[in-house]
Asks: 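First the structure, then my questions, so here it is.
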Amino acid sequence: MRYPFSEIESKWQKFWEDNKTYRTDLTKSDKKLYTLVMFIYPSGAKLHIGHWYNYGPTDSWARFKKLQGYNVFEPIGYDAFGLPAEGYAIKTGIHPQDSTLKNIEDIREQLKKMGCMYDWDSELMTCAPEYYKWNQWIFLQMFKRGLAYRKNAPVNWCPKDQTVLANEQVVDGCCERCGTQVIQRNLYQWFFKITDYAEELLEGHNKIDWPEETILKQKNWIGKSEGAEVTFKIADNNNDEIKVFTTRPDTLFGVTYVVIAPEHPLVDKITKPEFKAGVDAYRESTKLLTEIERTSTVKEKTGVPTGAFAINPMNNEKVPVWIADYALITYGTGCVMAVPAHDERDFEFASKFNLPIRKVILQDDTNENDELKVAFTEVGTMINSGKFNGVRSDVGIGQVINYLEENNLGKRKINYRLRDWLISRQRYWGTPIPIIHCPKCGEVPVDESELPVLLPYDVDFKLGGESPLARNEKYINVKCPKCGTDAKRDPDTMDTFVDSSWYYLRFLDPKISDAPFDKNLADKWTPVDMYVGGKEHSVMHLLYARFFHKFLRDIGLVNSDEPFAKLVHQGVITKDGAKMSKSRGNVVNPNDFITRVGTDVFRMYLMFMGPYDQGGDWSDKGISGVERFVMRTYELFNEFKNVIKDYPPKDKYDIISLSDNEKKVYRKVNQTLKKFNEEIEHFRFNTAIASLMELINELKVLESCNKEIQSYVLLRFASMLAPVAPHLGEECWQIIGNEKSIFENPIAFAIDKEALVEDTVNIAVQVNGKLRATIPVTINSEQDSVKPLVFADDKVKKFTDGKTIVKEIFVKNKIYNIVVK
RNA sequence: GCCGAAGUGGCGGAAUUGGUAGACGCGCUGGACUCAAAAUCCAGUCUGGCUUACACCAGGUGCCGGUUCGAGUCCGGCCUUCGGUACCA
């Protein structure tokens, strides 16, 4: 029988919508379950396989939980600000707002056709003033507390497009759009002080159930390193000193020179006149390099001496001060103490410029006078280190730090690789920054009562050297709120990661107008219980959101420490081994399949393809397998119309009283229930669906069973279909005689544990570890009763006859291994 | 370079704590139904050897070695693929 998917799918979608089946009553928070997928960027393109792969299976999980009695909240919204819409506008002249709103209309329709459990009353879009008003409000809260600040910082600048580029838009040092080489330029930019939370962001990793891999990525990104800051005085100069950060204070006696970043302000002060020309030339040459070139590890090390000398605080030795671009102004103090013997980079540099290499950590089982071929960076014994000689270097680290602190030469110090979050974008399609620049008063925040600072519609958003908003006279020119002088608004907009850093809170009441979100609901409903999205957001989005949540907690708006209690990443679906993209022309359009096989089959096939977190290469080869399963299922249920109405089943049957076939299906459906529940719970959809296929294969004998058993089995089968194929599930549920929608009246069937155990099990019999026979024995048989059966077996005899039995290993219900000689 | 994930039939993949490798599905082969085809249903399908056949034997989870009565699973050393990252002192 053909499965009329299109009628059945529209029938149930209409039913769900008419009855608001998936509206969540947020006032009830016992057994609450907040399930969230990363919201969608409304581009002109249709929903692609990646969206389906993210949303479909996650929805199945949410439905499974709903049937288990959870009060599930599953919202969806639109991450509507951002560069692509603006790029599209530059190309076509269509205003970003017009194209975005149109795209949202289209995408909403497509999302509804997926048949997910979204609570459409909670929909939100970030480009609406009611939403971005609160970006501005949060910005002001941070500003008040010194967590939003402005500083001069280098940014990626495309000389052709005359605009700033985000790091993500720089590909191999070139502008993503036009291919021009990107240069560094200094601009005044707004930052969020995420570094204040560095330590807490690390600690928080212990409180969340996230993939290890993702936590590790964040840890590496934050890059905590412990060590010391050491002060080097400058010879013949009492005004200046060089502070270096090191994780290896144990190697201090091996310092043979000091390196300062070329752009470090100290360089001008300490460079000797006769070295000035060389230093200036070097500084010029490094400026020409891109960040990529400069930080490339393949590039040979360069540098020039300044003529100045620094004094090693440990032994008062004079060592030369060089500038070299392998010292980064952005990390630590911008100055490095160089220990060529025990640091690879210093070793390379010293070898090239003939600087001395002094061994101060002796590798075990080597001699002090052995020549060093490469830097030795492991633990060894300290030598040439005065009173620390003989100490193990890992122990020496702490001892040297203590010595430094006691003598006021340095101090214990922790450094982070994490930088503050640059949020300014010289862009139109984003949240305006609510700051007014007054020539007299400086940075003046817009009063909260004046929010939102509306993004004007009428703007020349074409490219050209400055923020588009700067060219809108009406927008940019204002009076200073403090003194009334002519002033200007900040012309920039915020990074769209600001929007996505707190949207999960707004979902709870997207229409609230006197607060960013309903604090009462947020206290009850956050953290989000299950968050599902791509690995590509491992660091940026997921770190920023955690930072926001902690900040909101600190100002008393939420009562939890972390936004997302559990995180799952769906895998990536590729085509012919490559990421799908328009430019490659390898995009698979889900609609082709939806119209051919229906959404249930398509979503089930995506789940059946393989492990959810691994994704895989797209092929429609196997889709017919799922299609056949769905047809056979539909056919089966149609053979038993109204069976539960006519023969209502009991909750449990005594398995001994059943016929062989009844026993078989009764057992199988209970075993399936157990397996299916466990698999879905852990996002192992492929094996969950395989278990349903196994079930239907066993149901060939259902016809010959008692009617009540038929009811018992089909009721449970339909309840398992409902999460993974919601339309089919509802239909089958109804066919067998249920009056109401299963999702309106969620039901979870208890497993009959007595039905799980088989009477007999097959025990594998091995001789010397090789399988020789399998023999059926009564379940839980002890070795004593199994042994005679084993040794009676012809095949076993064949391999044991004439041999000495050395050992016998018995594992109950599993294996009997005989070791012979 | 460093960090991470993964390598199992013709293919997608199972094997949840070391215990019968290949569940489930695709494809393929044979059969049933049909005038015929499609669809559907039934059976078979890791490789090699031997056999009329049933059976039996040997090998087999990227490669080499180890631990163990027993390894896809644990340990050591490699190879390949895919992701992330780029001198962080």
Side-chain angles (χ1 to χ4, degrees), chain A residues 1-2 211-214 216-217 219-221 223-225 227 244-248 251 259 291-292 294-299 301 324-328 330-339 343-346 348-349 415-419 535-536 538-539 571-572 574 577-579 605 608-611 613-626 628-629 631-632 635 675 678-679 682 684 686-697 700 761-774 795 798 806-820:
Chain A
M1 191 193 290
R2 232 188 66 80
E212 276 304 314
E213 191 193 344
T214 308
L216 192 66
K217 267 188 199 160
K219 284 204 157 106
N220 291 340
W221 188 264
K224 178 180 185 174
S225 43
V244 302
F245 173 71
T246 178
T247 54
R248 293 294 304 275
T251 63
V259 186
E291 188 74 15
I292 306 285
R294 202 181 135 175
T295 55
S296 162
T297 44
V298 259
K299 176 180 157 282
K301 298 231 171 334
D325 62 4
Y326 81 89
L328 307 173
T330 45
Y331 183 78
T333 60
C335 306
V336 185
M337 60 177 228
V339 187
D343 181 279
E344 280 158 29
R345 296 152 300 180
D346 299 341
E348 190 193 329
F349 192 85
N415 245 307
Y416 299 91
R417 183 180 165 271
L418 183 71
R419 320 267 169 86
K535 268 186 198 162
E536 67 274 19
S538 290
V539 176
V572 178
T574 54
K579 231 181 204 167
Y605 177 60
F608 186 60
M609 273 175 58
D613 56 353
Q614 275 172 39
D617 203 49
W618 171 259
S619 154
D620 56 11
K621 282 272 172 56
I623 204 162
S624 55
V626 175
R628 278 176 202 153
F629 168 77
M631 287 191 299
R632 285 168 63 198
E635 211 167 318
K675 170 90 175 165
E678 277 170 14
E679 300 302 271
H682 296 103
R684 292 191 293 256
N686 54 333
T687 44
I689 290 171
S691 76
L692 295 184
M693 289 174 169
E694 275 186 60
L695 175 64
I696 199 171
N697 288 343
K700 280 168 195 158
V761 285
N762 283 326
I763 287 209
V765 182
Q766 300 181 336
V767 179
N768 286 349
K770 288 193 181 183
L771 181 72
R772 295 305 177 190
T774 57
K795 284 170 230 151
K798 191 175 151 193
V806 181
K807 200 173 175 184
E808 289 165 60
I809 293 115
F810 176 72
V811 181
K812 197 190 267 181
N813 298 330
K814 287 219 165 123
I815 204 158
Y816 199 112
N817 189 10
I818 305 158
V819 185
V820 297

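Just so it is clear: chains get the letters A, B, ... in the order the sequence lines come, proteins before strands, and each one is counted from 1. Values below: every heavy atom of this structure, side chains too, minus hydrogens, waters and symmetry copies.
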Asks: When rounded to the nearest Å, what value does the distance between C1' atoms of B/rG25 and B/rU73 take?
Replies: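 One C1' to the other, the span is 24 Å.
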Asks: Can you figure out which of B/rA89, B/rC24, B/rU16 approaches the side chain of A/Met693 most closely?
Replies: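 The closest nucleotide is B/rC24.
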Asks: Rounding to an integer number of angstrom, what distance separates B/rU81 and B/rG76 when you compare their P atoms?
Replies: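 23 Å, rounded to whole Å.
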Asks: What's the closest nucleotide to the side chain of A/Val336 if the choices are B/rG19, B/rA21, B/rA89?
Replies: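 Of the options given, the side chain of A/Val336 lies nearest B/rA89.
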Asks: Which nucleotide in the set B/rG84, B/rC69, B/rC87 lies at the smallest distance from any side-chain heavy atom of A/Lys217?
Replies: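 Closest nucleotide among those given: B/rG84.
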Asks: When the C1' atoms of B/rC54 and B/rG77 are compared, how many Å lie between them, rounded to an integer?
Replies: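 Taking atom C1' in both B/rG77 and B/rC54, they lie 47 Å apart.
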Asks: Considering Watson-Crick and G-U wobble pairs with both distances under 3.5 Å, what does B/rU80 pair with?
Replies: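 When the pairing criteria are applied, B/rA6 turns out to be the nucleotide that pairs with B/rU80.
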Asks: Looking at the side chain of A/Leu216, which of B/rG19, B/rG4, B/rU16 is the nearest nucleotide?
Replies: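 Nearest to the side-chain atoms of A/Leu216, counting from C-beta on, is B/rG4.
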Asks: Students often get this wrong, so: under 4.0 angstrom with heavy atoms, is A/Asn817 touching a base, only sugar-phosphate, or nothing?
Replies: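 The answer is base, as A/Asn817 lies within the cut-off (heavy atoms under 4.0 Å) of a base atom.
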Asks: Do A/Lys770 and B/rU20 share a donor-acceptor pair, side chain to base, under 3.5 Å?
Replies: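 Counting by modelled atom types and ignoring angles, no donor-acceptor contact under 3.5 Å is found here.
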Asks: Is A/Asn415 reaching over with its side chain to a backbone N or O of A/Ser225, donor-acceptor style, under 3.5 angstrom?
Replies: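 Absent.
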Asks: Using the P atom in both, what is the distance from B/rU34 to B/rU47, to the nearest Å?
Replies: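 Each nucleotide's P atom is 34 Å from the other's.
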Asks: In Watson-Crick or G-U wobble terms, both distances under 3.5 Å, what is the partner of B/rC35?
Replies: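 Answer to the pairing question: none, since B/rC35 forms no Watson-Crick or G-U pair.
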Asks: Starting at the 5' end of RNA chain B and moving along, which residue's nearest nucleotide shows up first, A/Asn697 or A/Gly616?
Replies: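 The residue mapped nearer the 5' terminus is A/Gly616.
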Asks: Under a 4.0 Å N-O cut-off, is there an ion pair linking A/Glu213 with A/Lys535?
Replies: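 A salt bridge is present here (some side-chain N lies under 4.0 Å from a carboxylate O).
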Asks: Applying a 4.0 Å non-hydrogen cut-off, can you work out what A/Ile809 is touching in the nucleic acid: base, sugar-phosphate, or nothing?
Replies: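 Touches a base.
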Asks: Both A/Arg628 and A/Lys224 contact RNA chain B. Which one's nearest nucleotide lies toward the 5' end?
Replies: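 Nearest nucleotide further toward 5': that of A/Arg628.
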Asks: Which whole number of Å gives the distance between the P atom of B/rC24 and that of B/rC41?
Replies: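 B/rC24 and B/rC41 have their P atoms separated by 15 Å.
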Asks: Of the candidate nucleotides B/rU40, B/rC69, B/rC41, which contains the atom at the shortest distance from the side chain of A/Met631?
Replies: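 Of B/rU40, B/rC69, B/rC41, B/rU40 is nearest to the side chain of A/Met631.
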Asks: Distance check: side-chain N/O of A/Ser619 vs OP1/OP2 of B/rC26, anything under 4.0 Å?
Replies: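 It does not, given that no N or O in the side chain of A/Ser619 lies less than 4.0 Å from OP1 or OP2 of B/rC26.
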Asks: Can you tell me which nucleotide in B/rU16, B/rC87, B/rU20 comes closest to the side chain of A/Lys301?
Replies: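 Nucleotide nearest to A/Lys301's side chain: B/rC87.
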Asks: Taking atom P in both B/rU80 and B/rG62, compute the distance separating them and give it to the nearest angstrom.
Replies: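 Between the two P atoms, the distance is 16 Å.
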Asks: By the 4.0 Å heavy-atom rule, please label A/Arg772 as base, sugar-phosphate, or nothing.
Replies: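 Sugar-phosphate: the residue A/Arg772, judged by heavy atoms under 4.0 Å, touches backbone atoms but no base.
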Asks: Does the pair A/Met337 and A/Thr251 meet the rule for a side chain to side chain contact (heavy atoms under 4.5 Å, CB included), with working shown?
Replies: CA-CA 10 Å; A/Met337 60 177 228; A/Thr251 63; 3.7 Å; yes
Asks: Mind checking if A/Lys535 touches a base, just sugar-phosphate, or nothing, with heavy atoms under 4.0 Å?
Replies: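 No contact.
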Asks: Side chain of A/Tyr326, heavy atoms from C-beta onward: which of B/rU20, B/rC87, B/rA14 has the nearest atom to it?
Replies: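 Nearest to the side chain of A/Tyr326 among the choices is B/rC87.
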